[in-house]
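Here the structure is laid out as structure tokens; the discussion comes afterwards.
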Amino acid sequence: MTDTPFLLREKDRGVVTLTLNRPQSRNSLSLGMLRALRAALIEVAEDAEARVAIIAGAGPAFCGGHDLKELRASGYDPAYVKTLFAECAEVMQAIVRLPQPVIARVHGVATAAGAQLVASADMAFAAEGACFATPGANIGLFCSTPMVALSRNVAPKHAMQMLLSGDLIDAATALSFGLINEIAPVGELDRRTFDFALKLAAKSPLTLALGKQAFYRQAEMKLAEAYEYASTVMAKNLQAEDAKEGIDAFLSRRPPVWRGR
């Protein structure tokens, strides 16, 4: 157990896949798992060859949330609990701050902080049998931190439905709520997620990084402020070599050659 890495990492044509690797505990987000995931995200952010990140899970589940056995074993020590949730918050924010797009590939159950991980990703592809829940209310521990990401992804009444009931929702419901982007047959999930990631990897990394950052920043602004900010971003983007190359290529009807600057 101690020699088994928390995460498996694979890079193929600019797509980095980070696989949570504790299938026996439904890939629960223990303190060790969170620290490993945060370190991996920092590496991806600094990897000039990385264009897209996929977060996946080993075994039958995507992620079952926090490790309740570890929490109980800690005696619910306030210092430990504070560290755990602070680390989790850092991981979720690192996903949002990552220059590269992040796709959650959900093949099984994603509950509590596992659903938070899905909601924090820029996009999510799920298998037909995947299911999602924020079940904390069922055990007397409201999913307050998963609520932050969930409430920024789905309509308020849908978020409250999940948070108050704790019920599992299937992939079709998650799609209708806006929690995921696409549903695929189990046998096609990996390929369809990877093919979409390759489509993103073929675009200018500078442009996607600018766009992702602007998306999250403007979402917290009032309308006039958002337009002023977005206009500044577009003007900055237009000075980049990739923007000029893309426009020239479009007008010349040729494929662009991205330089990432």
Side-chain angles (χ1 to χ4, degrees), residues 1-11 15-47 50 52-98 100 102-127 130-136 139 141 143-150 179 189-190 193:
M1 171 68 73
T2 55
D3 295 332
T4 304
F6 283 105
L7 278 174
L8 303 177
R9 175 173 172 162
E10 179 183 0
K11 184 163 68 175
V15 179
V16 179
T17 302
L18 303 175
T19 303
L20 309 180
N21 191 38
R22 284 293 185 269
Q24 69 283 354
S25 64
R26 299 202 307 172
N27 300 315
S28 59
L29 297 181
S30 63
L31 189 55
M33 177 71 84
L34 287 166
R35 285 174 171 166
L37 184 52
R38 183 151 73 104
L41 290 169
I42 291 171
E43 289 180 4
V44 171
E46 296 174 347
D47 184 350
V52 183
I54 294 173
I55 298 178
F62 173 73
C63 177
H66 287 297
D67 190 332
L68 297 181
K69 291 181 179 178
E70 184 179 81
L71 269 169
R72 185 174 62 180
S74 76
Y76 309 107
D77 174 64
Y80 163 80
V81 170
K82 184 177 180 180
T83 299
L84 176 70
F85 291 123
E87 192 71 37
C88 185
E90 281 298 317
V91 166
M92 303 305 165
Q93 291 175 86
I95 291 171
V96 173
R97 291 193 300 260
L98 201 75
Q100 300 91 337
V102 179
I103 305 171
R105 190 181 76 203
V106 188
H107 67 289
V109 171
T111 55
Q116 181 183 5
L117 196 57
V118 175
S120 297
D122 303 309
M123 290 155 286
F125 285 52
C131 52
F132 308 80
T134 47
I139 61 169
L141 181 64
C143 284
S144 298
T145 48
M147 172 183 68
V148 174
L150 187 69
L179 183 58
L189 177 64
D190 290 9
T193 306

* Main-chain N/O of Ala50 paired to Gln100 side chain as donor or acceptor, under 3.5 Å ->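 Side chain of Gln100 to backbone of Ala50, a donor-acceptor pair under 3.5 Å: yes, one is there.
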* Hey, does the side chain of Asn21 reach the backbone of Pro5 with a donor-acceptor pair shorter than 3.5 angstrom? ->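 Pair found, side chain donor or acceptor close to backbone of Pro5.
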* Asked: When you measure from the centre of the six-membered ring of Phe6, is the NZ or CZ of Arg22 under 6.0 Å away and within 45° of the axis?
  ->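 Because its charged atom sits under 6.0 Å from the ring centre and within 45° of the axis, Arg22 does stack over Phe6.
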Less than 4.5 Å apart, any side-chain heavy atom of [X] and any of [Y]?
X: Asp67; Y: Met33; answer: no
X: Ser25; Y: Lys69; answer: no
X: Leu37; Y: Leu117; answer: yes
X: Val44; Y: Val102; answer: no
X: Leu34; Y: Ser30; answer: no
X: Leu29; Y: Glu87; answer: no

Can you measure from [atom1] ([X]) to [atom2] ([Y]) and round to the nearest 0.5 angstrom?
X: Arg9; Y: Asp47; atom1: CZ; atom2: CG; value: 5.5 Å
X: Leu18; Y: Ile54; atom1: CG; atom2: CD1; value: 9.5 Å
X: Tyr80; Y: Leu31; atom1: OH; atom2: CG; value: 5.5 Å
X: Thr145; Y: Leu150; atom1: OG1; atom2: CG; value: 11.0 Å
X: Thr17; Y: Arg105; atom1: OG1; atom2: CZ; value: 6.0 Å
X: His66; Y: Thr111; atom1: NE2; atom2: OG1; value: 10.5 Å

How close do [X] and [Y] get, counting heavy atoms only, and between which atoms?
X: Cys143; Y: Thr134; result: SG-C, 3.7 Å
X: Phe132; Y: Ala126; result: CZ-CB, 4.0 Å
X: Ala40; Y: Leu7; result: CB-CD1, 3.7 Å
X: Ile103; Y: Phe125; result: CG2-CD1, 3.8 Å
X: His107; Y: Gly57; result: CE1-O, 3.0 Å
X: Ala58; Y: Pro23; result: O-CB, 3.6 Å

* **Evaluation steps, salt bridge (charged side-chain N to carboxylate O under 4.0 Å, His left out), between Arg97 and Glu90** => CA-CA 10 Å; Arg97 291 193 300 260; Glu90 281 298 317; 3.4 Å; yes
